[in-house]
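For this chain, numbers begin at 1 and follow the sequence in order. Counting starts at 1 for both ligands and their atoms, following the listed order.
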Amino acid sequence: MKKVDIIVIGGGLSGASIALGLVREGAGKVVMFDEQLPTQRLSRGNFGLTWFMPKGANSPVYARWSRMATMLWPEFAAKLEEESGYDIELEWNGGAMHAIGDEQFQAYADSIDTLTKTCSEEGLDYPVRMLDREEFASMIPGMKLGDDVTGAMYSAEQGHVNPLPLLGALRCAFQKKGGEYFGGLSVSKIVPNDDGTVTVLTSQGDYQCDKLVVAAGHGSTRLLADLGEKLHIYPQRGQLIVTERVKKVLHFPILAVRQTMDGTFMIGLSTEDSAYDPKVTVEAMKSQASGAIKLFPELANLNWVRGWGAIRVMTKDGSPIYERLPGHKNIYVIAGHSAVTLAPVKEKHIASWILEKDEAPQISHFSNGRFNV
Ligand SMILES: Cc1cc2nc3c(=O)[nH]c(=O)nc-3n(C[C@H](O)[C@H](O)[C@H](O)COP(=O)(O)OP(=O)(O)OC[C@H]3O[C@@H](n4cnc5c(N)ncnc54)[C@H](O)[C@@H]3O)c2cc1C
């Protein structure tokens, strides 16, 4: 049996962000296991937004947590790039959500009022404002807005990254700081011991650790069920479309359309109940395409070269789950959506919470137990 201080199960964006935070905090011998099934492409196949607007419309705590994450992003990215040597292609020029028609424009304006109050209660700002059509158009001189666009909700303090190098950078920095990453290793069982340590059975032998972090996305459900814990997540498919490369003209992302550093447009905002099937469907592709063309009609002239689906780890209220397992004080469960956006708070606050150094006040609101009603 190999002995380590901390095991992180799951090397996706959640596990890798936390694992990096743990080694930066000097947590001892930390290992990260990932089984790397080809179907588990969520952390590589997402849209790459680092975004807080208008997250948490029904959950003030999540609104504040998302805002905290974006406040940390620029510094987080700079340090990560320095440590890993990767360029994660962060573009921090703001982000917008376009409105179609007057009703949607007004609904967005109302949500700004609500969320501004919510964030100010915690001493946080909420730097979001409405742009009328003219101002929105003036910020995108290289593209023409569709006739039905009435304006947009906009914040200068968010952006987007390339998810692939982001994941690579997190794993690389983790290893450079002394962590060990085991790709292609599958965990089959978690066995809590009477002395508080945990044994983890894997495809490459058994390990014992003082603390265990379960951040295995949809893979966590089965591992926790063996311990009698029902994890309250469900699968939700999202699909994305990519165009050919063209001159870079869009310098900040819009919720469903962004242009990458190399010039491709990425399009996507579908949400479907799909069990665990990541395939693409003609219906979702058509509906996303028509939404994007309503925003920027000229996108219809581009060749659309690729599409894919990935399965979100969703909770009923949209907020994440951070739980110290009842009855197993050294087993931590991390699950939920928006792991690009939330990477800095996981690296900083969740890692610190696991090490029992500091507990951000928000964490208790994100228990798995909140769904046990
Ligand atoms: C279309 C789409 C667009 C998105 N856009 C955004 C966005 O713009 N911004 C944003 O913040 N978020 C976005 N997301 C969400 C984001 O992609 C996810 O929140 C994130 O990838 C989840 O990461 P994770 O590490 O929690 O889970 P995963 O990426 O699923 O990682 C879990 C890992 O655990 C491993 N694993 C599972 N079981 C085991 C086992 N038994 N043993 C060992 N390893 C195991 C798997 O191999 C996997 O790598 C989007 C998602 C989709 C689908």
Side-chain angles (χ1 to χ4, degrees), residues 7-19 31-53 55 66 69-70 73 95 158-164 166-167 170-171 181-190 200-204 207 212-224 226 231 233 235-242 253-258 266-272 274 276 278 280 284 288 307-315 318 320-322 333-346 350:
I7 293 173
V8 178
I9 308 176
L13 288 169
S14 297
S17 306
I18 293 166
V31 297
M32 176 164 61
F33 297 153
D34 197 285
E35 67 184 351
Q36 290 180 327
L37 295 180
T39 47
Q40 294 172 338
R41 55 177 175 237
L42 178 59
S43 286
R44 288 168 283 130
N46 62 70
F47 203 60
L49 298 181
T50 57
W51 204 263
F52 68 95
M53 182 192 84
K55 287 179 196 285
S66 303
T70 47
W73 246 101
Q158 48 192 10
H160 59 153
V161 290
N162 183 336
L164 284 175
L166 171 62
L167 184 62
L170 290 166
R171 290 176 177 174
Y181 171 63
F182 294 83
L185 180 154
S186 178
V187 172
S188 55
K189 201 170 174 59
I190 298 167
V200 173
L201 312 188
T202 86
S203 54
Q204 294 174 27
Y207 284 76
L212 175 68
V213 180
V214 185
H218 286 297
S220 298
T221 303
R222 180 184 63 76
L223 293 172
L224 294 170
D226 284 350
L231 184 60
I233 56 173
Q236 183 195 68
R237 182 170 59 208
Q239 299 185 39
L240 298 176
I241 306 172
V242 175
I254 296 164
L255 187 62
V257 177
R258 75 180 184 99
M266 280 181 75
I267 293 158
L269 190 65
S270 66
T271 56
E272 306 156 276
S274 60
Y276 297 96
V280 294
Q288 312 202 124
W308 66 84
I311 307 296
R312 294 184 184 90
V313 176
M314 281 307 292
T315 57
I321 291 172
Y322 310 130
V333 180
I334 311 297
H337 185 54
S338 294
V340 180
T341 299
L342 298 176
V345 283
K346 285 182 178 151
I350 298 294

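- The protein heavy-atom contact nearest to atom 3 (C) of ligand 1 is Phe47 N, 3.5 Å.
- From the protein, the heavy atom lying nearest to atom 4 (C) of ligand 1 is Asn46 CB, 3.3 Å.
- Between Gly11 and ligand 1, no N or O atom pair is found at a separation short of 3.5 Å.
- Contact between Arg312 and Thr271 at its shortest, heavy atoms only, is NH1-CG2, 3.7 Å.
- The shortest N or O to N or O distance between Gly10 and ligand 1 is not below 3.5 Å.
- Heavy atoms of Ser186 come nearer than 4.0 angstrom to ligand 1 in at least one pair.
- Applying the side-chain contact (heavy atoms from CB on, under 4.5 Å) rule to Thr315 yields the partners Ile233, Asp317, Ile321, Arg370, Phe371; only residues at least two apart in sequence or on another chain are considered.
- Geometrically, ligand 1 and Gln239 share no nitrogen or oxygen pair separated by less than 3.5 Å.
- Backbone and side-chain nitrogen or oxygen atoms of Asp34 are examined, and one is located within less than 3.5 angstrom of a nitrogen or oxygen of ligand 1.
- Applying the 4.0 Å criterion to heavy atoms of Gly238 picks out, from ligand 1, the atoms 1 (C).
- In this structure, the protein non-hydrogen atom closest to atom 41 (N) of ligand 1 is Val187 O, 3.0 Å.
- With a 4.0 Å cut-off on non-hydrogen atoms, Gln36 touches ligand 1 through its backbone and not its side chain.
- Interatomic distance, CG of Asp34 versus CZ of Phe182, reported as 12.5 Å (0.5 Å rounding).
- With a 4.0 Å heavy-atom cut-off, ligand 1 is reached by the side chain of Gln40 but not by its N, CA, C or O.
- Near Ala215, the atoms of ligand 1 lying under 4.0 angstrom from a non-hydrogen atom of the residue are 32 (C).
- Ranking protein heavy atoms by distance to atom 24 (P) of ligand 1, first place goes to Ser14 OG, 3.4 Å.
- At a 3.5 angstrom cut-off on N or O pairs, Leu223 does not count as close to ligand 1.
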Worked verdict on Trp51 versus Trp73 for side-chain contact (heavy atoms from CB on, under 4.5 Å): CA-CA 10 Å; Trp51 204 263; Trp73 246 101; over 6 Å; no
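- The proximity of Leu342 to ligand 1, defined as any non-hydrogen pair under 4.0 Å, does not occur for either the backbone or the side chain.
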